[in-house]
2 protein chains.
Amino acid sequence: MKKIIHIIILETSYIIYEGLIKILNNSSFTFNIHFANNFNEMYQLNLRYNAEFIILNPLLIQNITKDFQTFQKESGNTRWIGIIYTHTDQQLLSLFDGIIYINETPNEINALIQKILNTENPLHNQNSQNEMLSEREVEVLKLLVNGNANKEIAEKLNISINTVITHRKNISQKTGIKSVSGLTIYAVVNSYISVDNMQ
Amino acid sequence: MKKIIHIIILETSYIIYEGLIKILNNSSFTFNIHFANNFNEMYQLNLRYNAEFIILNPLLIQNITKDFQTFQKESGNTRWIGIIYTHTDQQLLSLFDGIIYINETPNEINALIQKILNTENPLHNQNSQNEMLSEREVEVLKLLVNGNANKEIAEKLNISINTVITHRKNISQKTGIKSVSGLTIYAVVNSYISVDNMQ
DNA sequence: GTTATCATCATTATTAGTAATGAGGTTTCT
DNA sequence: AGAAACCTCATTACTAATAATGATGATAAC
């Protein structure tokens, strides 16, 4: 007799929710799938079922990461799977035990679940990457990747252009990225700017 | 007796495909749903079924918009629905009769289909790609946003730096974007480059 | 109280990018 | 055959960015 694995899904997209259920039900595992409408429902459901897996969209907890981490600690043996369909901050993803990308095949998704089941539950990363860049450097970076020239940055920050150049030199040293395009990608990946806000 | 509506779906995400089927089959319409693995299969399927609707991810045709538009003209009475789950270029979306966003409810999706069925099939916008970049311009853009200087681009493409400058001038005119960072975002949004490949 | 990081600014020389304009040859569509 | 778009290259004058180096004061850490 197969062991029943409880899964809680918190996902606002009905299409993805139904697609996920279809894939999970076609797998070799026996799942009992519960649907949560929001973070609180997820909490209540997990109190009752002590789910092996909780699948949710990382974007739903991006503004409440502290609460989320507290919740993770309280529910020690639950594994967390993020499901993403747009670019998402790496730091956010690091809070999860595994990530399902929207384009993955059923086989890949099953392999992920199997892999997580076979590994020990690690403590989630506490040190969510110490900010490499200083406050001022981030300010300069933001203005830079928003299309400002050094001179404009200097004017907007009320500092000398020489200072801006020094900051940029330090940013490039710290990140190892010299080009503006590379720094733009860096800023996107680290959520200093949003792609969606720019066009 | 209900009329059977043929739908062809071209979507690389299994999750979304299954989710869509679930929603469509729960609607008040009677659909006959066909799955296409690629553009050519879609073409063959539509020759056979002359589908009322073709649902596909706009990203799949972003690099073959001309072929796509030719196909659209040939299959006059087919309606085109884009399904999107990440930010997508507006010009690309304008080629479709309707857009399904990943977060929409079954009711919203059904309403969209009903609405399209009730409206006359308009001729698709011919002049929607006037602002598209030429092949060479895309080559230049890609090299640029990968951190190459004009001089390096010239060397890699075996053309004069003056030509590179001309291309960049034209790119900026067409896109309305001057800064390298802005063009980087543009390239990301239009999938000329991938954020994930860069870090 | 020394060490380290940060934020600020400078000089000099070199290299890179921009603006404006013109122009010739090729391809594609009508 | 002609129009439109594309790809190519050039000149001139101007502005911006980079590299290398040094320096000062403020704050924070141990």
Side-chain angles (χ1 to χ4, degrees), chain A residues 127 129-187 192, chain B residues 63-74 91 123-187 192:
Chain A
N127 49 352
Q129 290 219 330
N130 45 346
E131 292 287 271
M132 281 181 59
L133 300 183
S134 71
E135 267 185 52
R136 203 56 161 169
E137 284 161 355
V138 170
E139 282 185 88
V140 171
L141 176 64
K142 281 184 179 176
L143 286 171
L144 176 68
V145 300
N146 270 304
N148 293 279
N150 288 349
K151 196 178 167 186
E152 293 173 304
I153 298 172
E155 283 163 5
K156 290 183 182 175
L157 294 181
N158 276 314
I159 55 178
S160 156
I161 191 174
N162 300 299
T163 308
V164 175
I165 290 173
T166 304
H167 283 312
R168 284 196 54 181
K169 187 193 63 189
N170 292 333
I171 291 169
S172 290
Q173 276 178 356
K174 285 183 177 177
T175 61
I177 303 169
K178 281 186 169 185
S179 67
V180 176
S181 56
L183 289 171
T184 306
I185 300 296
Y186 176 87
Y192 290 130
Chain B
N63 289 324
I64 50 165
T65 50
K66 284 188 182 175
D67 290 344
F68 180 68
Q69 285 180 295
T70 306
F71 185 23
Q72 280 187 323
K73 282 179 203 161
E74 287 175 6
Q91 283 177 22
L123 292 176
H124 289 286
N125 230 344
Q126 306 295 343
N127 54 354
S128 57
Q129 60 174 20
N130 285 348
E131 301 296 313
M132 291 282 186
L133 299 183
S134 71
E135 269 184 49
R136 203 56 160 169
E137 285 161 355
V138 170
E139 281 186 87
V140 171
L141 176 63
K142 281 183 180 176
L143 287 170
L144 176 69
V145 300
N146 270 305
N148 293 279
N150 288 350
K151 196 179 168 187
E152 293 172 305
I153 297 172
E155 283 162 5
K156 290 184 180 174
L157 295 181
N158 277 314
I159 54 177
S160 156
I161 191 174
N162 299 299
T163 308
V164 175
I165 290 172
T166 304
H167 283 311
R168 284 196 55 181
K169 185 194 64 189
N170 293 333
I171 291 169
S172 290
Q173 274 178 357
K174 285 183 177 177
T175 61
I177 304 169
K178 282 185 168 184
S179 67
V180 175
S181 55
L183 289 171
T184 305
I185 299 296
Y186 176 86
Y192 291 129

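Labels below follow one simple rule: chain letters A, B, ... track the order of the sequence lines, proteins then strands, and each chain is numbered from 1. Bear in mind that the values here come from a model prediction, so they are computed numbers and not experimental data.
Here the nucleotide nearest the side chain of B/E135, chosen from C/dT8, D/dC7, D/dA10, is D/dC7. The side chain of B/N150 approaches C/dG17 more closely than any other nucleotide in the set C/dT8, C/dA19, C/dG17. The nucleotide whose nearest atom lies closest to any side-chain atom of A/A149 is, among D/dA16, D/dT8, C/dA19, D/dA16. Among the nucleotides D/dA10, D/dC7, C/dG17, the one closest to the side chain of B/R136 is D/dC7.
In this structure, A/K178 atom NZ and C/dT15 atom P are separated by 15 Å, rounded to whole Å. Between the CZ atom of A/R168 and the P atom of C/dC9 there is a distance of 17 Å, given to the nearest Å. Atom NZ of B/K151 is separated from atom P of D/dT18 by 15 Å (rounded to the nearest Å). Here C/dC6 presents its P atom at 15 Å from CD1 of A/I159, a figure rounded to the nearest Å. The CD1 atom of B/I153 sits 16 Å away from the C1' atom of D/dC7 (whole-angstrom rounding). Per the geometry, CG belonging to A/N148 stands 15 Å off C1' belonging to D/dA17, to the nearest Å. Straight-line distance from the CD1 atom of B/I165 to the P atom of D/dT15: 17 Å, rounded to whole Å. Taking atom CG on B/L183 and atom C1' on C/dG17, their separation rounds to 13 Å, with Å as the unit.
Residue B/T166 places no side-chain atom within donor-acceptor reach of the base of D/dC7, judged by atom type and a 3.5 Å distance cut-off alone. Side-chain N/O atoms of B/S134 and base N/O atoms of D/dC7 include no donor-acceptor pair closer than 3.5 Å.
Between A/R168 and A/V180 the shortest side-chain heavy-atom distance falls below 4.5 Å. Residues A/I171 and A/Y186 are not in side-chain contact: their nearest non-hydrogen atoms beyond the backbone lie 4.5 Å or more apart.
Looking at which nucleotide of DNA chain D each of B/E137 and B/I161 is closest to, the 5′-most match is held by B/E137. Summary of the strand contacts: B/V180 and A/H167 both lie near DNA chain C, and taking for each the nucleotide with the nearest heavy atom, the more 5' one is attributed to A/H167.
Using a 4.0 Å heavy-atom cutoff across all strands shown, A/N162 reaches at least one base atom of the nucleic acid. Here A/T163 lies in heavy-atom contact (under 4.0 Å) with a base. Among the heavy atoms of the strands lying under 4.0 Å from B/K169 is at least one base atom, whether or not backbone atoms are also near.
Across all non-hydrogen atoms, the minimal contact from A/K174 to A/S134 is NZ-N, 4.0 Å.
Taking only side-chain nitrogens and oxygens, A/K174 comes nearer than 4.0 Å to OP1 or OP2 of C/dC6.
Checked for salt-bridge contact, B/E139 and B/K142 miss the test: no charged N lies under 4.0 Å from a carboxylate O.
A/N150 contributes no side-chain N or O that, together with a main-chain N or O of A/I165, makes up a donor-acceptor pair within less than 3.5 Å.
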